[in-house]
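To start, the structure under review is shown below, and the notes come after it.
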Amino acid sequence: MSSTFKFKPYNVGRWVIWSLFAIVLIFAPLVFTSNLSGTMLAQMGIAIIACLSYNMLLGQGGMLSFGHAVYTGLGSFVAIHALNSITGGQSNIPVSLIPLVGGIAGIGFAVLFGYVTTKKAGTPFAMITLGVAELVFAMSLMFSEFFGGEAGISGNRVAGQAFMGITFGPQIQIYYLIAIYTFVCVALMYAFTQTPLGRILNAVRDNPERVEFIGYNTQRVRYLAFIIAGFFAGISGGLGALNFEIVTAEVVGAGRSGGYLLFTFLGGATFFFGPIIGGILMVLAFVLLSELTKAWLLYLGLLFLFMVMYAPGGIASLIMMNLRVAAFGKLKQIWVSYLGLFVTAFVALIGAGAMIEMVYHLQLNSALGDTLKFMGVTLNAKGIDSWVGSIFVMITGLGLFEIARRHFMIEWGDIQVDIEKEIKRRETA
Amino acid sequence: MEFFIISMLNGLSYGLLLFMLSSGLTLIFSMMGVLNFAHASFYMIGAYFGYTLTSVIGFWPSLIIAPILVGATGVLFERLSLRKVHKFGHVPELLVTFGLSYIVYELVQLIWGRTAVDFTPPEILRGAAFTLVNHSVNGLQMIWGAAPAEMCKAADASIRLVCTPFPATRGFMMIVALLMLFSLWLLLTKTRIGLVIQAALTHPETVEALGHNVPRVFMLVFGAGTGLAGLAGVIGGSTYVTEPAMAATVGSVIFVVVVVGGMGSLSGAFLASVLIGVIQTFAIAFDYSFVSVAKDMGLNLSDALKNNSVLKLTISQVAPILPYLFLVLILIFRPKGLLGTREG
Amino acid sequence: MSYALELKDLRKNFGKTEIIRGANLAVNAGERVAIIGPNGAGKSTLFNLISGRFGPTSGEILLNGQRIDHKAPYEINRMGLSRSFQITNIFPKLSVFENLRCAVLWSLGYKYTFLKFLSGLKDANELAEKYMEMIRLDKKRDLLAMNLTYAEQRALEIGITIAGGSNVILLDEPTAGMSKSETTRFISLIKEVTVGKTLLTVEHDMGVVFGLADKIAVVVYGEVIAFDTPEAVRSNARVQEAYLGSHVADEQAGGH
């Protein structure tokens with residue numbers, strides 16, 4: 001029964017979310033005032049744009065790329081050369097538009113490499129992106145005029161004419177420039193998901209063959225999405241060039257590409273806001289976690305592995321699942337099980353962490369003696385009781401975790417059944 | 001002349017090493033649809049296991065035991081991790097192996113340190129397998145083993161004498177690779193389990209419906225593939241260098257090999273491995289650039305062209321990107337790969 | 001006046017095996033044709049050839065007088081031919097409404113645009129709603145396609161096929177796997193939604209065939225051995241010998 005009169009209430013929820021986002025962007029540096037926070041917030045904006053552009057390929061298009069850093073990195077290089085041309089007086093682009101130069105470079109390289117890359121899909125696509133990434137990285141050592149060799153290319157973002165007294169010298173000024181770009185890019189990328197091309201891209205992800213039979217050239221769809229993702233990647237790179245004022249070859253390296261993949265997936269590729277979480281985590285991990293422990297990459301790899309196996313939708317999907325449980329009022333039932341899970345996991349982690357830290361200590365810091373501090377406890381890396389103690393703690397933690405996990409799964413399953421029943425009830429009511 | 005022969009042999013040996021790795025990768029991909037991103041990591045583990053075991057039980061026993069240990073590791077990974085994500089599709093499987101490569105890299109550095117370790121081949125392999133002596137008067141001679149010093153010194157200034165040894169390690173690598181190739185071929189074509197594997201390569205569900213335990217076959221194939229990588233690791237690690245970066249250097253090349261050869265084609269992988277191995281070995285040896293060749297030919301280039309950084313590049317400097325250039329060209333002109341039949 | 005769909009000496013080999021061995025067919029606009037034949041006769045292969053999933057080894061396929069052999073599936077679809085699949089081929093993670101909306105986008109000329117919002121495309125949204133009601137899935141508008149029942153997914157499959165507004169529709173075993181009552185409902189649905197269009201459907205259920213089709217094409221061993229009205233085909237000796245020569249088929253047909 002179609003209704004000729006449609007009532008469309010003003011979508012309040014949408015305005016609230018975007019306003020909150022803008023407010024957080026504006027007020028964050030006023031809440032977190034230290035220098036470290038300043039640089040971290042700037043980097044978060046850059047990472048958010050990069051991860052969202054990556055997810056345009058992964059989450060929305062089903063295209064797993066191992067070489068996204070090529071587009072952010074080349075965007076950075078072009079941007080810093082443009083910046084230097086302002087300093088050198090050869091052009092007078094305003095500094096605030098340099099990221100757009102990066103974006104255009106991103107488009108250019110995506111048009112160039114994307115043609116060959118999007119000829120295939122799935123696993124071959126992934127390997128082609130890997131090959132192109134290695135190609136570009138290897139070339140970075142060959143063309144030292146563009147890539148600057150070992151030292152990279154430096155620049156000075158205080159260049160050209162100051163705009164209303166804004167020189168972009170101080171960290172706070174560059175932060176707000178990044179914040180504006182972040183807000184606009186996130187909004188544009190969200191808007192893309194609501195367009196015909198965006199939706200057909202999803203269809204290509206779900207069933208590439210069927211798309212051909214409803215009149216669309218699947219390869220063309222992928223190529224266009226690749227180019228648009230390259231645009232935003234280039235903007236992210238351009239912002240990075242302005243922020244750090246130096247660009248080295250590692251920005252096109254495999255490590256950076258791997259990082260985008262890891263953190264976008266961790267944040268959650270199946271929801272739009274997942275990569276935003278991923279970008280924030282990426283900066284937190286690289287800046288803070290790496291200071292905390294030398295084994296951070298190992299922990300990250302293990303976390304990633306567990307996410308793929310047990311929560312492939314990432315943190316975003318975990319949040320959404322629990323929001324759904326909360327919406328049906330069932331969160332109270334399960335929070336005790338959650339507590340049990342977290343405590344036992346924490347215990348197991350402490351045991352494993354102690355052992356890993358002791359091995360690192362033996363490897364790298366043995367000159368400093370055999371003892372190290374771990375979570376307030378002094379451990380002897382060569383002492384047998386430290387080792388036995390750690391192993392015992394870890395195994396106990398693992399055992400208890402397994403018990404807690406089984407209990408949790410049963411409760412979770414029961415709750416899901418209850419929720420399904422409730423949904424059916426509401427449908428027929 | 002001897003330069004050509006030795007370079008050819010070096011190239012072939014490198015190509016055969018690449019094939020040892022890419023054959024395991026192709027088998028695993030063909031059968032399970034999983035592209036094992038961590039395949040080069042198993043290569044690295046093989047080298048490190050070989051290194052540790054050699055210091056305990058000697059090189060020759062560890063040549064047998066290290067690959068078995070690596071294969072066992074592969075089986076364990078398949079059982080505990082890979083199998084769990086099989087139901088999610090091929091992308092999560094690829095991601096899981098990607099995560100494993102990170103973990104292995106960190107664990108290796110954790111246990112064995114960040115610098116290269118000294119994994120030396122056994123006494124018998126340390127010298128030259130044979131030496132080519134090019135005497136400008138007497139011509140080309142081949143001598144088994146290393147040539148004695150007097151043979152390599154010219155009697156007087158008018159005679160040109162060049163001694164080019166061919167390392168025994170490389171020769172050993174070729175022998176092992178060819179033996180492995182042969183036994184793989186025997187296994188796949190002449191044994192019953194080989195028949196099952198061949199069938200499961202293209203129609204795993206049908207094979208399962210016929211009553212074969214396909215998950216167990218998968219596990220075995222994964223273990224065999226990674227064990228092969230481990231064997232390549234023992235040999236490659238003792239011939240070249242054993243360090244944490246070794247997985248990355250060879251990892252991307254074998255993916256190129258698999259795509260260029262044609263995904264899922266063993267013969268394609270063989271062809272591509274040998275091609276890429278030979279081309280890269282020759283390229284590294286050539287120091288010619290566009291500018292130097294033009295100079296040799298007597299062409300007069302303008303100063304701007306002479307200083308152009310692209311034209312100044314020698315072939316040896318370009319050598320690292322050749323496999324990837326090859327990849328791009330194949331994708332443009334022959335997307336199925338050299339001998340590929342599947343679209344991937 | 002050209003035929004809506006014409007096959008001229010169509011051949012297809014897979015390696016050394018000849019699957020389609022010289023198929024000839026000429027369908028007038030607006031006709032409803034049922035394609036029947038024993039298993040392995042090549043019916044699905046014919047559909048795959050016509051819709052462009054793979055190209056013929058030799059021969060011609062003409063749509064409204066224009067050659068479509070060796071064209072890509074999307075080109076053929078844009079020229080006015082749509083097909084459904086035997087194994088349900090929908091977009092599992094999109095909702096029912098989104099599935100249908102995707103199917104109408106190209107025919108309304110929206111192509112690859114990213115400068116318009118889907119919510120603002122009145123014609124696309126209205127068309128999607130219309131088809132959703134036609135296939136009786138309007139109550140399940142926002143349900144993800146992968147959560148529908150099998151019969152509902154088959155209905156969505158047909159919906160996606162016809163939503164593009166193509167004049168020539170190919171349905172590959174649309175009622176496969178359905179119960180008797182579902183089949184009956186489905187057939188009346190198909191009749192309703194294909195009014196005025198040229199329809200070719202592969203079917204095994206003789207009851208469906210004799211109730212739905214204006215003409216029957218009998219495919220045996222890669223050739224069309226008969227193409228005529230149902231009564232003529234029933235009494236065709238060659239057909240009886242190859243396919244219908246059983247008591248059971250007679251009974252099935254007799255019921256309708």
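Remember, it's a predicted structure, so these values are computed and weren't measured experimentally. In the text below, chain A, chain B and the rest are named by the order of the sequence lines, each starting its count at 1.
Contact annotation for L80(B): only backbone heavy atoms (N, CA, C, O) come within less than 4.5 Å of a heavy atom of chain A. Using a 4.5 Å cut-off between heavy atoms, Y324(B) contacts chain A through both its backbone and its side chain. Only the side chain of L64(A) has a heavy atom closer than 4.5 Å to any heavy atom of chain B.
For the atom pair CZ (F66(A)) and CG (L94(B)), the distance works out to 4.0 Å, reported to the nearest 0.5 Å. Going from atom CE of M142(A) over to atom CD1 of I321(B) covers 4.0 Å, rounded to the nearest 0.5 Å. Atom CG of residue L130(A) and atom CZ of residue F37(B) lie 5.0 Å apart, to the nearest 0.5 angstrom. The CG atom of L305(A) sits 13.0 Å away from the OH atom of Y102(B) when rounded to the nearest 0.5 Å.
When the options L135(A), I128(A), T117(A) are evaluated for a side chain to side chain contact (heavy atoms under 4.5 Å, CB included) with V328(B), the one that passes is L135(A).
Between P124(A) and V259(B) the shortest side-chain heavy-atom distance does not fall below 4.5 Å. By the 4.5 Å heavy-atom criterion applied to side chains, L261(A) and F98(B) are counted as neighbours.
With sequence neighbours left out, the side-chain contact (heavy atoms from CB on, under 4.5 Å) criterion links E212(A) to N217(A), T218(A), P73(C), Y74(C).
Taking L322(B), V104(B), L95(B), L107(B) one by one and counting their heavy-atom pairs under 4.5 Å with chain A, the maximum is reached by L95(B).
M309(A) and F88(B) make their closest contact through O-CE1, 3.6 Å (heavy atoms, listed as atom of the first residue, atom of the second, distance).
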